[in-house]
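Below is one structure; the comments refer to it alone.
Numbering of ligands and ligand atoms starts at 1, following listing order. Owing to the predicted nature of the structure, the values given are computational and were not obtained by experimental measurement.
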Amino acid sequence: MANVLTELNNRIFTITINRPDKLNALNQETLTQLNKVVEDAAGNDDVRVIIITGSGEKAFVAGADINELAKTNAVSGMQFAQYGQQVFNTIENCGKPVIAAVNGFALGGGCELAMACHLRIASDNARFGQPEIKLGVIPGFGGTQRLTRLVGKGKAMEMNLLGDMVSADQAEQMGLANLVVPQGELMKTVLKVADQLAQSAPIALSMIIDSINRGLECGMSEALDYEVKAFGVCCSSEDKNEGTAAFLEKRPAKFTGQ
Ligand code: COA
């Protein structure tokens, strides 16, 4: 599992893409390993929150591996894009909050990976972009779609058509990054947010993620109906009993995920 490192601490599962000499570019092997560790984390009750970051100080992920891209044809290119989309859908729908700790270049598949996560916290040296146009291709791991949903059509068109990078501050201004912090404070900040999520009610977190994701796929009345049902699920949980009792008794809640 050398291309992907993992660590579980205090219910926070950290995944580090580990190809620093290639700026953590995603080759097939790395994607396969990433998929495996995310599936494992999704099924592990000891994991409440997932963090994804890149090894080294320069890059989160500098995209799909261009050496592999260079060898693709129509069929293998489609298969590669389909697999990448499947892995990123697994991340987006894994039922637990996933934070991208964007510690440098998040380009191409790296920007797409960050966008499949539920929150993006970036260091001030981070750069985001969809530079595929410069290679004569388009994003294949969701970049034309997730970017449009996150930042709107105008900025998504601009970033995809021109392929230029944006700074961490620009990313924050357009809603692509949730928060930007000095490079040296990135992991401390991400762990603080992760800890807050790890203390929260897991079923409610999962229902929020699901309601927002599904709501974006359908019309308003269907989306609101889904929210009603998800609300009902939360109301049947022990965590709802605990959360409301804790408020009324003026004490901190202790959520168990039941
Ligand atoms: N795929 C494969 N290898 C990559 C890579 C990628 N997406 N991005 C970087 N690398 C490799 C470089 O080839 C280089 O390897 P080498 O030392 O064996 O030559 C190494 O990582 C370091 O990259 P380098 O380009 O020397 O660093 P830099 O600081 O000069 O530039 C970037 C950094 C991110 C601007 C530049 O690497 C880049 O543009 N990468 C490609 C980004 C991209 O187009 N992504 C979308 C791919 S679909």
Side-chain angles (χ1 to χ4, degrees), residues 1-5 15-35 52-89 91-92 100-117 120-148 150-151 155-172 174 176-177 180 183-184 186:
M1 282 276 168
N3 290 358
V4 174
L5 307 175
I15 299 172
T16 305
I17 311 294
N18 186 41
R19 297 182 76 208
D21 53 328
K22 296 291 173 198
L23 303 188
N24 304 318
L26 297 173
N27 59 5
Q28 181 72 45
E29 197 188 339
T30 307
L31 272 177
T32 305
Q33 291 181 15
L34 177 61
N35 191 53
I52 301 182
T53 193
S55 190
E57 299 204 329
K58 203 167 160 184
F60 173 68
V61 166
D65 192 305
I66 297 171
N67 294 295
E68 289 188 355
L69 175 65
K71 295 177 195 141
T72 50
N73 57 28
V75 173
S76 60
M78 276 172 60
Q79 285 168 343
F80 187 56
Q82 244 162 14
Y83 186 63
Q85 287 194 6
Q86 180 203 307
V87 176
F88 290 7
N89 287 343
I91 292 169
E92 190 168 45
V102 183
N103 57 315
F105 291 113
L107 303 175
C111 190
E112 291 165 306
L113 172 59
M115 291 191 292
C117 300
R120 284 154 293 284
I121 302 179
S123 56
D124 52 8
N125 65 317
R127 298 284 177 276
F128 294 76
Q130 296 291 162
E132 288 87 344
I133 187 65
K134 299 187 181 194
L135 301 166
V137 292
I138 72 167
F141 297 171
T144 62
Q145 301 310 308
R146 287 199 177 90
L147 188 60
T148 309
L150 269 174
V151 306
K155 276 286 166 198
M157 281 286 184
E158 181 184 327
M159 285 181 68
N160 276 295
L161 290 174
L162 300 180
D164 294 332
M165 294 184 222
V166 299
S167 69
D169 286 340
Q170 287 171 309
E172 187 182 24
M174 68 173 84
L176 177 52
V180 177
Q183 190 178 7
L186 179 65

Counting only non-hydrogen atoms of the protein, does one fall under 4.0 Å from [atom]?
atom                    : answer
atom 21 (O) of ligand 1 : yes
atom 26 (O) of ligand 1 : no
atom 12 (C) of ligand 1 : no
atom 31 (O) of ligand 1 : no
atom 42 (C) of ligand 1 : yes

Are any of the N/O atoms on L69, whether in the backbone or the side chain, positioned under 3.5 angstrom from an N/O atom of ligand 1? no

If you measure every N or O of K58 against every N or O of ligand 1, does any of those distances drop under 3.5 Å?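 Yes; at least one N/O pair falls below 3.5 Å.
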
Can you find a pair of side-chain heavy atoms, one from [X] and one from [Y], that are under 4.5 Å apart?
X    : Y    : result
V4   : T30  : yes
N27  : N3   : yes
I121 : L186 : yes
F88  : M115 : no

Considering non-hydrogen atoms of the protein only, which is the closest contact for [atom], and what is the distance?
atom                    : result
atom 48 (S) of ligand 1 : L135 CD1, 3.7 Å
atom 35 (C) of ligand 1 : M165 CE, 3.8 Å
atom 36 (C) of ligand 1 : L23 CD1, 4.6 Å
atom 8 (N) of ligand 1  : A62 CB, 3.7 Å
atom 44 (O) of ligand 1 : P131 CG, 3.5 Å
atom 39 (O) of ligand 1 : L107 CD1, 4.7 Å
atom 1 (N) of ligand 1  : I66 N, 2.9 Å

I want to know whether F141 and F80 have ring centres closer than 6.0 Å.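 Between F141 and F80, the centre distance is under 6.0 Å.
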
Measuring from non-hydrogen atoms of D21 to any atom of ligand 1, is the shortest distance under 4.0 Å? yes

Out of E68, K22, E112, who gets a non-hydrogen atom closest to atom 10 (N) of ligand 1?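 Answer by nearest heavy atom: K22.
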
Note: K58-D21 ion pair, threshold 4.0 Å (strictly below): no

For residues 57-76, pull every pair meeting ring-ring contact (aromatic ring centres under 6.0 Å, His included), keeping only residues two or more places apart or in separate chains.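 Those involving residues 57-76 do not exist here.
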
Do N125 and S123 pair up side chain to side chain, a donor and an acceptor below 3.5 Å, judged on atom types alone? yes

Side chains of N35 and T32 only: does a donor on one sit below 3.5 Å from an acceptor on the other?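 Distance-only check fails for N35 and T32.
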
Given K155 and V166, is the side chain to side chain contact (heavy atoms under 4.5 Å, CB included) satisfied, shown in steps? CA-CA 11 Å; K155 276 286 166 198; V166 299; over 6 Å; no

Heavy-atom contacts under 4.0 Å between A25 and ligand 1: side chain, backbone, both, or neither? side chain

What verdict does the side chain to side chain contact (heavy atoms under 4.5 Å, CB included) test give for L176 and M159, after you've listed the backbone C-alpha separation in whole Å, the side-chain angles of each residue and the deciding distance to 0.1 Å? CA-CA 12 Å; L176 177 52; M159 285 181 68; 4.1 Å; yes

